[in-house]
Amino acid sequence: MLRTYKFRLYPTSEQQEKIRCTLERCRLLYNRLLAERIHAYKTEGKALTYSQQANTFRERKQYIPALKEVHSQVLQDVARRLDKAYQAFYRRVKNGEKAGFPRFKPQSRYDSFTYPQSGFALEGTRLELSKIGLVRIQLHRQLRGTIKTCTITEKNGRYYACLSCEFEAEPLPLTNRQVGVDLGVRQLAATSDGSIFEAPKPLRKSEAKLKRQQKAVSRKQRGSNRRRKAVLTLARQHERVANQRKDYAHQVSRTLVNRYDLIAFEELNVRGMVKNHHLAKTIADAGWSGLVQFVTYKAESAGRQVVRVDPRYTSQCCSTCHHIVKKTLAERIHRCKQCGTTLDRDVNAAINILARAKRQVS
């Protein structure tokens with residue numbers, strides 16, 4: 001299996017300049033390759049391939065000496081990245097989705113480059129990067145497996161190394177327990193056995209600070225250094241909120257994977273649900289998609305099973321007698337007049353989700 005570990009880098013001023021120069025050269029190369037593909041299609045009616053463009057790099061370096069200061073495989077990965085964008089474009093067109101043609105990248109939308117096979121080495125607390133040097137790295141956790149690729153990312157003035165490692169999966173011992181999970185806004189998740197995971201709501205708690213920082217940005221003159229600093233402060237606060245949400249989702253997902261052999265979720269259309277302007281911010285703050293994603297990849301390496309079921313009537317149907325009990329969103333207790341069942345609305349939905357998952361698996 002593959003797993004990516006993200007570590008903070010602490011490059012010197014000289015190394016930061018080299019990283020920024022590498023990013024800029026990769027960005028300009030990406031835009032140039034995209035322009036060549038568009039020109040070839042318009043003039044000759046043919047689509048250039050990855051191999052055709054990658055084979056021109058040796059000649060390009062003769063005319064653009066700055067490309068020699070970037071590792072050769074990093075340049076190849078730029079062409080591969082563009083080719084992946086084209087393949088995704090073709091797939092969307094074939095499936096009748098919104099096309100989304102590959103775009104030219106401004107500086108704000110190109111913030112990483114990758115060493116796909118070589119050009120990097122981990123030496124204690126230093127990460128050796130070809131053409132850049134030995135960069136101090138904070139290894140806050142133990143790596144598992146063999147490092148395959150290394151991606152350097154710049155975000156909000158900070159630098160990170162994403163190391164993709166290949167390792168053998170180690171299944172956890174069976175617990176013979178199954179659970180249905182109902183995702184909500186008042187509480188992040190309720191399980192079919194009555195456990196409740198509260199919603200931390202990091203965005204709601206940081207709204208006052210974000211509002212002050214946004215006002216500070218709007219008061220600064222466009223293009224000034226003070227505005228640039230205010231924008232960076234605001235971006236780091238948003239990053240902090242996102243990190244808090246991810247950290248809690250990691251904790252909840254690890255708890256679920258350790259406890260249960262089968263975990264059932266609803267197949268929610270989150271993109272459609274956030275169009276409800278009364279609940280959009282709360283739904284986005286809950287981070288349902290992130291939680292399901294974390295549970296899925298953790299379950300895969302642990303030998304667990306994740307099942308997604310149809311969400312229709314899971315909240316309205318009685319988990320005991322299956323009678324439909326109409327409820328508004330404000331009603332938080334499920335009371336069935338048919339059989340007398342009374343329990344938390346979300347727990348009732350979680351029980352229904354688990355029952356559907358069992359039928360689906362069987």
Side-chain angles (χ1 to χ4, degrees), residues 1-7 140-149 151 162-185 187-200 202 242-273 283-312 314-315 319 344 346-362:
M1 298 189 64
L2 288 175
R3 178 169 295 178
T4 301
Y5 298 85
K6 185 177 180 179
F7 300 107
H140 62 273
R141 60 182 300 190
Q142 187 67 34
L143 285 168
R144 288 180 58 191
T146 306
I147 302 176
K148 292 296 184 180
T149 66
T151 300
C162 300
L163 305 176
S164 181
C165 301
E166 186 178 53
F167 66 97
E168 292 293 332
E170 297 179 0
L172 295 175
L174 295 178
T175 62
N176 296 320
R177 299 177 65 187
Q178 300 173 332
V179 70
V181 181
D182 179 67
L183 302 174
V185 290
Q187 52 208 20
L188 176 60
T191 65
S192 54
D193 55 9
S195 299
I196 301 294
F197 295 95
E198 297 297 333
N243 288 339
Q244 290 173 338
R245 187 182 298 114
K246 288 178 184 177
D247 179 67
Y248 188 71
H250 275 297
Q251 295 178 39
V252 174
S253 60
R254 174 49 58 192
T255 299
L256 292 174
V257 171
N258 286 350
R259 286 182 183 175
Y260 306 102
D261 295 336
L262 183 143
I263 306 166
F265 291 100
E266 295 173 292
E267 187 73 56
L268 296 175
N269 179 17
V270 179
R271 182 174 296 181
M273 296 174 71
I283 292 173
D285 196 19
W288 296 340
S289 299
L291 175 61
V292 175
Q293 179 186 0
F294 293 164
V295 171
T296 301
Y297 91 78
K298 286 182 173 68
E300 186 178 0
S301 62
R304 307 303 202 205
Q305 186 176 12
V306 175
V307 180
R308 301 188 188 188
V309 302
D310 187 351
R312 286 178 293 184
T314 53
S315 296
S319 58
D344 184 271
D346 296 332
V347 174
N348 175 73
I351 296 173
N352 288 328
I353 292 169
L354 178 59
R356 292 187 184 184
K358 287 181 179 179
R359 291 196 298 269
Q360 188 170 313
V361 171
S362 63

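When a residue number appears, it is its place in the shown sequence, counting from 1.
Of all heavy-atom pairs between Ala357 and Leu262, the closest is CB-CD2, 4.3 Å. Annotation for Ser315 and Asn348: closest pair O-ND2, 3.8 Å, computed over non-hydrogen atoms. What you find for Cys165 and Ile147 is that their closest heavy atoms are SG-CG1, 3.9 Å. In terms of heavy atoms, Pro311 sits closest to Arg356 at C-NH1, 4.0 Å.
Taking the side chain as every heavy atom from C-beta outward, Arg245 and Asp285 approach each other to under 4.5 Å. Considering only heavy atoms from C-beta on, Val181 stays 4.5 Å or farther from Ile353 through its side chain. Using a 4.5 Å cut-off on side-chain heavy atoms (C-beta onward), Gln187 and Phe197 make no contact.
By the side-chain hydrogen bond (donor to acceptor under 3.5 Å, both in side chains) test, Asn243 pairs with no residue at all, sequence neighbours left out. Looking at residues two or more places apart in sequence or on another chain, you find no ring-ring contact (aromatic ring centres under 6.0 Å, His included) involving Tyr5. By the side-chain hydrogen bond (donor to acceptor under 3.5 Å, both in side chains) test, Arg3 is found to be paired with Ser301, residues two or more places apart in sequence or in another chain being considered. By the side-chain contact (heavy atoms from CB on, under 4.5 Å) test, Val270 pairs with Leu268, Val274, Ile283, Trp288, Ser289, sequence neighbours left out. For Gln360, the side-chain contact (heavy atoms from CB on, under 4.5 Å) test picks out Val307, Val309, with sequence neighbours left out. With sequence neighbours excluded, no residue forms a side-chain hydrogen bond (donor to acceptor under 3.5 Å, both in side chains) with Asp182. The side-chain contact (heavy atoms from CB on, under 4.5 Å) test applied to Asn258 returns Leu172, Arg254, not counting sequence neighbours. In terms of the salt bridge (charged side-chain N to carboxylate O under 4.0 Å, His left out) criterion, Glu198 has no residue partners (sequence neighbours excluded). Qualifying side-chain contact (heavy atoms from CB on, under 4.5 Å) partners for Ala284, counting only residues two or more places apart in sequence or in other chains: none. Residues meeting the side-chain hydrogen bond (donor to acceptor under 3.5 Å, both in side chains) test with Thr149, sequence neighbours left out: none.
Ile196 contributes atom CD1, which lies 6.5 Å from atom OG1 of Thr191 (distance to the nearest 0.5 angstrom). We find the OG1-CG distance between Thr146 and Leu2 to be 10.5 Å, quoted to the nearest 0.5 Å. Within the model, atoms NZ of Lys6 and NE2 of His140 stand 10.0 Å from one another, a figure rounded to the nearest 0.5 Å.
Contacts classified as ring pair (Phe, Tyr, Trp, His ring centres under 6.0 Å) and involving residues 290-311 (residues at least two apart or in different chains) are given here: His250-Phe294. Applying the salt bridge (charged side-chain N to carboxylate O under 4.0 Å, His left out) definition to pairs two or more places apart or across chains, those involving residues 298-309 are Asp261-Arg304, Glu267-Arg308.
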Please test Ser253 against Leu291 for side chain to side chain contact (heavy atoms under 4.5 Å, CB included), starting from the C-alpha separation and ending with a verdict. CA-CA 6 Å; Ser253 60; Leu291 175 61; 4.2 Å; yes

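Here the side chain of Thr314 pairs no donor or acceptor atom with the backbone of Ala349 at under 3.5 angstrom.
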